[in-house]
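Every number for a ligand or one of its atoms is a count from 1 in the order of the listing.
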Amino acid sequence: MIKRLVQKVQTLLVRGLTARARRQPKRIPRSEHGIARERVSRAALRVCETLQKAGFEAYIVGGAVRDLLLGHAPKDFDVATDATPEQVKSHFRRAIIIGRRFRLVHVIIGGETIEVSTFRALNDADRPTDEHGRVLADNVFGTQAEDAARRDFTVNALYYDPVTETVLDYHDGVRDLRRKRLRIIGDPETRYREDPVRMLRAVRFAAKLGFEIDAATREPIRRLAPLIENVPAARLFDEMLKLLVSGHAVACITRLRAEGLHHGLLPLLDVILEQPQGERFVMLALSRTDERVRAGKHVAPGFLFATLLWHEVLKRWNERLAAGEHRIPALDAAIEDVLEAQMEKLAIQRRYTADMREIWMLQPRFERRQGKAPYKLLEHLRLRAGFDFLQLRCAAEEAPAELCEWWTQFLHGDAAERERLIAAASATGGARRRRRGRGCKTEVASSGAAT
Ligand code: ATP
Ligand code: MG
């Protein structure tokens, strides 16, 4: 009985998939979609023209089409084609095949890189999955309709032919875009089980585009949120980074919490966000990041993750200090603890963890304002990042504003000014020490570093 029911559901699902994969697209002419061809990158145009001249289909696809339709400047341009990677490569002077699981071609034209992918199949029944339904291999070529059906959201499944200036729309993406609605293609639960990262993507796109998540698309998220834990750590890191540097990180994190997705996603972040002080620091850091991204400035991932995990470092540092450990070794060990706990779920790349460690280790050094110490710090390669971090701590009222002002003057001052600042700091620092008459352990707390 149950077996038959399961079979029936499976048949229905497969039929649904097949129907999805056989759809005919709506063809939307220039007069309706309004995309100005001048806004398409010249390199992407060249790639499409070249492949089409060689007898293949080639379209601009995904985020670029969505952004063009919304009147935003696309971040990058992807092309989808029925040519195989080898065929694509043979038509361009500078092209490399990348990726092992699903091979793509990077075509480089005039300093721009265009990612060209061959239409992918749905290949439903035979795809290997884990016990939760997560697809483990997904590497068979297919038709354009299949390629459209395996994309995540309707607004991400639009194809633009820059030669004829036609948009091909298989899943009413243009309608959803006009209604500002994020809708997943196919059965939401199945699609999240296949790839739980799509839940994060739903939140990211909704926050970034200011779209509403369609009710059916939204419903399973809270329930399926724990599936995020099965996603390989490196993949999670990539998606998390996209979210944090989207220019809408505050909106994304707020929404992640609203959907119950922050638990276990950025391990430790859930804990931090639940403490008022930690939340304040993280939100301030994220809003500054958003400002930078929107102003077109570079954001260093190491700095960003250093801000996200700072309060966890502080907590462990304080615990070690309370146990009587020395200040600097205690900080070093606290950092080790935090990074280790973090790496299990979110594989922050080595080069970023090196930056994070340096930024954190620099913090107590800003408190040493006497003798040669400030001059030594000037030579530190990471001084700028460390100082930016200090500024953030001061803005969050975790470190005294006076410390920031002192360092701003010291960094910009001439030799005489620097001597004067050191003398002034020695005078007040000396007085403070005499009053307390205690060792260096209290200095951590007094400076506000260990709140
Ligand atoms: P962005 O502007 O943030 O880069 P994007 O839509 O281009 O947005 P990408 O991550 O670059 O997002 O992915 C490119 C396209 O690949 C998407 O538009 C979507 O069609 C498809 N895609 C990406 N990730 C998935 C996924 N997990 N499941 C299904 N389709 C996906
Ligand atoms: Mg993209």
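Of the candidates Arg204, Arg223, Arg222, Arg218, Arg218 is the only one forming a salt bridge (Lys or Arg N to Asp or Glu O under 4.0 Å) with Glu259.
In terms of protein heavy-atom proximity, atom 3 (O) of ligand 1 is closest to Arg204 NH1, 2.7 Å.
Per-residue contacts place Arg151 under 4.0 angstrom from the following atoms of ligand 1 (heavy atoms of the residue considered): 15 (C), 16 (O), 19 (C), 20 (O), 21 (C), 29 (C), 30 (N). Near Arg66, the atoms of ligand 1 lying under 4.0 angstrom from a non-hydrogen atom of the residue are 1 (P), 2 (O), 5 (P), 6 (O), 8 (O). Near Gly63, meaning under 4.0 Å from one of its heavy atoms, ligand 1 places the atoms 5 (P), 6 (O), 7 (O), 18 (O).
Counting only non-hydrogen atoms, the option in Lys75, Glu194, Lys242, Arg235 that gets closest to atom 11 (O) of ligand 1 is Lys242.
Taking only nitrogen or oxygen atoms, main chain and side chain alike, Asp78 does not reach within less than 3.5 Å of ligand 1. Close N/O approach between Asp152 and ligand 1 is found [any backbone or side-chain N/O within under 3.5 Å]. Not a single N or O atom of Glu239, backbone or side chain, sits closer than 3.5 Å to an N or O atom of ligand 1. The shortest N/O to N/O separation between Arg198 and ligand 1 falls below 3.5 Å.
Taking a 6.0 Å sphere around CZ of Arg94, one finds it holds 12 or fewer heavy atoms contributed by other residues, nucleotides or ligands.
Under a 4.0 Å N-O distance rule, the pair Glu319/Arg316 does not qualify as a salt bridge.
Counting only heavy atoms from C-beta outward, the side chains of Leu236 and Leu200 approach each other to under 4.5 Å.
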